[in-house]
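A note on names: the letters A, B, ... follow the listed sequences, proteins ahead of strands, and every chain is numbered from 1.
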There are 2 protein chains.
Amino acid sequence: MKTTINAKDVAKLAGVSQSSVSRVYFEGAKVSTKTREKVLAAAEELGYRPNEFARSLITNRTKIIGLVMKGVQNPFYPQVLTQFANAFKHHGYSVLFVHTNSDEIQAEDIETLLNYNVAGVVITDASMSLNVAESFKANQIPLVFFNRKLSHSTFYSVCCNNLNAGRSIGHYLMAEGLRDAVYISGNENTSTSLEREKGFGEALDQCTLTYAKHTSDFTYEGGYKTALNIIKNNTLPSAFFVANDIMALGVLDALRKHAIQVPQQVKVIGFDNISMSSWPAYELTTWEQPIEEMVEATVNYLMSEIANYSGRVEAVEIEGKLIERKTT
Amino acid sequence: MKTTINAKDVAKLAGVSQSSVSRVYFEGAKVSTKTREKVLAAAEELGYRPNEFARSLITNRTKIIGLVMKGVQNPFYPQVLTQFANAFKHHGYSVLFVHTNSDEIQAEDIETLLNYNVAGVVITDASMSLNVAESFKANQIPLVFFNRKLSHSTFYSVCCNNLNAGRSIGHYLMAEGLRDAVYISGNENTSTSLEREKGFGEALDQCTLTYAKHTSDFTYEGGYKTALNIIKNNTLPSAFFVANDIMALGVLDALRKHAIQVPQQVKVIGFDNISMSSWPAYELTTWEQPIEEMVEATVNYLMSEIANYSGRVEAVEIEGKLIERKTT
DNA sequence: CTGAAAGCGCTTACAG
DNA sequence: CTGAAAGCGCTTACAG
């Protein structure tokens, strides 16, 4: 009950050797035009397509990139996913999608990636214990942490320059007459949230200003509740710096509910520039993450490491920019 | 430069045959506890993991499901993606993610899926020409169209019952005192948009009411612009039925911009029940798609077809329900 | 229950 | 440029 047709079948029909068939489909191999044509004609007739598995078994490489994502619910990530999918497709790679529920990726989550011997890995918005990550190193599989920096700098990472962004946002708000500020953070211990806060604090410190910190969780509901609490406690600041846009939208809705005027009574600034930030209902001032460049840097690194593994490591940080709208 | 360690290495260390090693990792094969333990100990020591490619080459099956998605930008889809990823993981399958830009999936988009000999395929929110789809049939690869019905009913599809939903929405609005309605459609020729409209029209027809149709594109911007046009032309109806939520939010923002009171001056109802619909800024009345059940039906079909291919075909339609909020 | 051997569909030195 | 042959790392009848 042999059902799939293989290179041997094509070879027979084309009247050439199996090796020649293989050469037609293997990039970089040499075949005469005549042989190529015969093979392609036979292949067409039989509906032949090379088996990727046999191919990978021999070459010990695959054309698959593992993409590990957490929190696809944040509208920032669908954008990232789309761009990665397109970029990898453009380079001839397919995407094995792994969804993780936890902030720290578990060994089982990435077992698949190792079993399939992926050519490279992108991990977005999540970290990973050192010894789990090491298994990629051991197999010389290049790995990029996207939008998350590890405390141990033994892996390549690509982020927006969050420290500078925090600073710029601080200076911007001070120029707008900031008196007291609240920073609404994302999940604790995420590098993105921490660095944005650090830069912000540094800027304010230069003018001996301070800020209050409220810990939240990078979700709309989290931003909404946090703001409601602040309103209830009568501790409304003159400006909110919110660690991401989706939370900032929650903050805006909480303020709206209490008929607090933005930006007259309080200013709000977010981070990411998700598409919803520009909606008329919000018109949120925010910091744009340079997603395209971030994706490009990630893909370029992976492609160069796949071609020629070096294990080089860097913490790439790309500058974003302020998008001024109506909440400041 | 042999780098990966294989079953033979483990066999040698464990003092058994390679076949025995294989049996330990192959579900359903019989090995004595003693052998199993020896093998597992040796495997642990060497860091062995079975090569999926060699395995697939022999069994001619993979543990990969192809997931083809369009328009991940609509917040409805990240939810769907997450649920599929979790469900497939639970069944021991990985997800090969394919992003397509066009409404109709092209042959090249799915070439990868055939090359990797995926065990099954889910296509969301897009259609596919019959002859492209046929190549899956030829290879006995089960295929489900998710949230899209094909005109030719030769494939399995899973949708919300859009016709009934349209009807119910029509009856609901009429009970609320509908006089004249506007239906804002999604992309033309999508089954979801067409069936929602059809049901809606049927319901209205029973009371000899009619509706005006405006064609849009399932995006926020599309809904926004369409509503602005209607306002400009002074053809505001007493209610809008908008083919999906993200467009409905655009409609609400357009109305807000012109200070038109919802629901006093005009009612708005959407479709999908995306998380943003419940946000205080919108409080959109909508129709909830039973995503969980839809995903479950899809996964169950695929798993049963993978276990035992029958090629059976059905257009599954699951009932959703009205979520009443403040825009009606 | 276990091992030796064949074979899945490819790539790749090696001769010619 | 081309073909015959070995081999990638597994699974699976087949004997024992």
Side-chain angles (χ1 to χ4, degrees), chain A residues 1-40 42-43 46-64 112 114-119 139-140, chain B residues 1-40 42-43 46-64 112 114-119 139-140:
Chain A
M1 54 161 284
K2 177 169 168 310
T3 167
T4 48
I5 71 113
N6 59 26
K8 212 168 166 184
D9 301 329
V10 177
K12 193 183 288 175
L13 182 61
V16 299
S17 74
Q18 200 247 60
S19 322
S20 291
V21 175
S22 172
R23 288 188 183 105
V24 169
Y25 289 92
F26 188 73
E27 247 177 291
K30 300 164 209 287
V31 233
S32 66
T33 324
K34 204 169 147 192
T35 307
R36 162 168 277 120
E37 279 166 1
K38 281 195 290 186
V39 167
L40 289 177
L46 297 174
Y48 170 71
R49 62 181 68 250
N51 181 316
E52 283 294 332
F53 291 98
R55 194 171 253 186
S56 296
L57 184 56
I58 269 288
T59 59
N60 202 25
R61 311 182 275 159
T62 62
K63 290 286 217 173
I64 305 180
T112 324
L114 292 167
N115 289 349
Y116 281 107
N117 194 21
V118 293
N139 290 285
Q140 304 209 338
Chain B
M1 54 162 282
K2 178 170 166 311
T3 165
T4 48
I5 71 113
N6 59 27
K8 212 169 166 181
D9 301 328
V10 177
K12 194 183 287 175
L13 181 62
V16 299
S17 74
Q18 200 247 61
S19 321
S20 290
V21 175
S22 172
R23 288 186 184 105
V24 169
Y25 290 92
F26 188 73
E27 246 177 291
K30 297 165 212 287
V31 233
S32 65
T33 324
K34 206 170 145 192
T35 307
R36 162 167 280 119
E37 280 166 0
K38 282 195 290 189
V39 167
L40 288 178
L46 298 174
Y48 169 72
R49 61 181 67 251
N51 181 316
E52 283 294 332
F53 291 98
R55 195 171 253 186
S56 296
L57 185 56
I58 270 288
T59 61
N60 201 24
R61 311 182 273 159
T62 62
K63 290 285 215 173
I64 305 179
T112 324
L114 292 167
N115 289 350
Y116 280 107
N117 194 21
V118 293
N139 290 284
Q140 304 211 339

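Rounded to whole Å, the distance from NZ on Lys8(B) to C1' on dA4(C) is 12 Å. Put simply, CZ on Arg55(B) is 10 Å from P on dT12(D), counting in whole angstrom units. With rounding to whole Å, Asn115(A) atom CG is found 13 Å from dC10(D) atom C1'. Going from atom OH of Tyr116(A) over to atom P of dC10(D) covers 14 Å, rounded to whole Å. Look at CG on Asn60(A): it is 13 Å from C1' on dG7(D), rounded to the nearest Å. The NZ atom of Lys38(B) sits 10 Å away from the C1' atom of dT2(C) (whole-angstrom rounding). The separation between Ile58(A) atom CD1 and dA5(D) atom C1' is 12 Å, rounded to whole Å. One atom, CZ of Phe53(A), and another, P of dT11(D), lie 14 Å apart when rounded to the nearest Å.
Under the Watson-Crick or G-U wobble criterion, with both distances below 3.5 Å, dA4(C) has no partner in any strand shown. Base pairing annotation: dA13(C) forms no Watson-Crick or G-U wobble pair, as no partner gives both donor-acceptor distances under 3.5 Å.
Contact annotation: Ser32(B) side-chain N/O to dC1(C) OP1/OP2 distance is not under 4.0 Å. Applying the 4.0 Å criterion to OP1 and OP2 of dC10(D), one finds that Tyr48(B) has a side-chain N or O inside that range. In terms of phosphate contacts, Asn6(B) brings a side-chain nitrogen or oxygen within less than 4.0 Å of OP1 or OP2 of dG9(D).
Annotation for Val39(A) and Val10(A): closest pair O-CG1, 3.8 Å, computed over non-hydrogen atoms. Listed here is the closest heavy atom pair of Lys8(A) and Gln18(A): N-CG, 3.9 Å. Heavy-atom minimum distance, Ser20(A) versus Thr35(A): CB-CG2, 3.9 Å. Of all heavy-atom pairs between Tyr25(B) and Tyr48(B), the closest is CE1-CE2, 3.5 Å.
Counting non-hydrogen atoms under 4.0 angstrom, Arg49(B) reaches the backbone sugars and phosphates but no base. Using a 4.0 Å heavy-atom distance criterion, Val31(B) is classed as a sugar-phosphate-only contact. Residue-level contact check: Glu52(B) touches neither bases nor backbone, having no heavy atom under 4.0 Å from any strand. In this structure, Ser19(A) reaches the bases: a heavy-atom distance under 4.0 Å links it to at least one base atom across the strands shown. Val21(B) comes within 4.0 angstrom of nothing in the nucleic acid, heavy atoms only. Using a 4.0 Å heavy-atom distance criterion, Ser22(B) is classed as a base contact.
At distances below 3.5 Å, at least one donor-acceptor pair connects side-chain atoms of Thr62(B) with backbone N or O atoms of Asn117(B). In this structure, the side chain of Asp9(A) does not engage the main chain of Lys12(A) through any donor-acceptor pair within 3.5 Å.
Candidate nucleotides dG3(D), dT2(C), dT11(D) were compared by shortest atom distance to the side chain of Gln18(B), and dT11(D) ranks first. Each of dC8(D), dG3(C), dC8(C) was ranked by its minimum atom distance to the side chain of Leu57(A); first place goes to dC8(D).
Closest-nucleotide positions on DNA chain C for Ala54(B) and Ser20(B) were compared, and the one nearer the 5' end corresponds to Ser20(B). When each of Arg23(A) and Asn51(A) is assigned the nucleotide of DNA chain C with its nearest heavy atom, Asn51(A) is the one assigned upstream, toward the 5' end.
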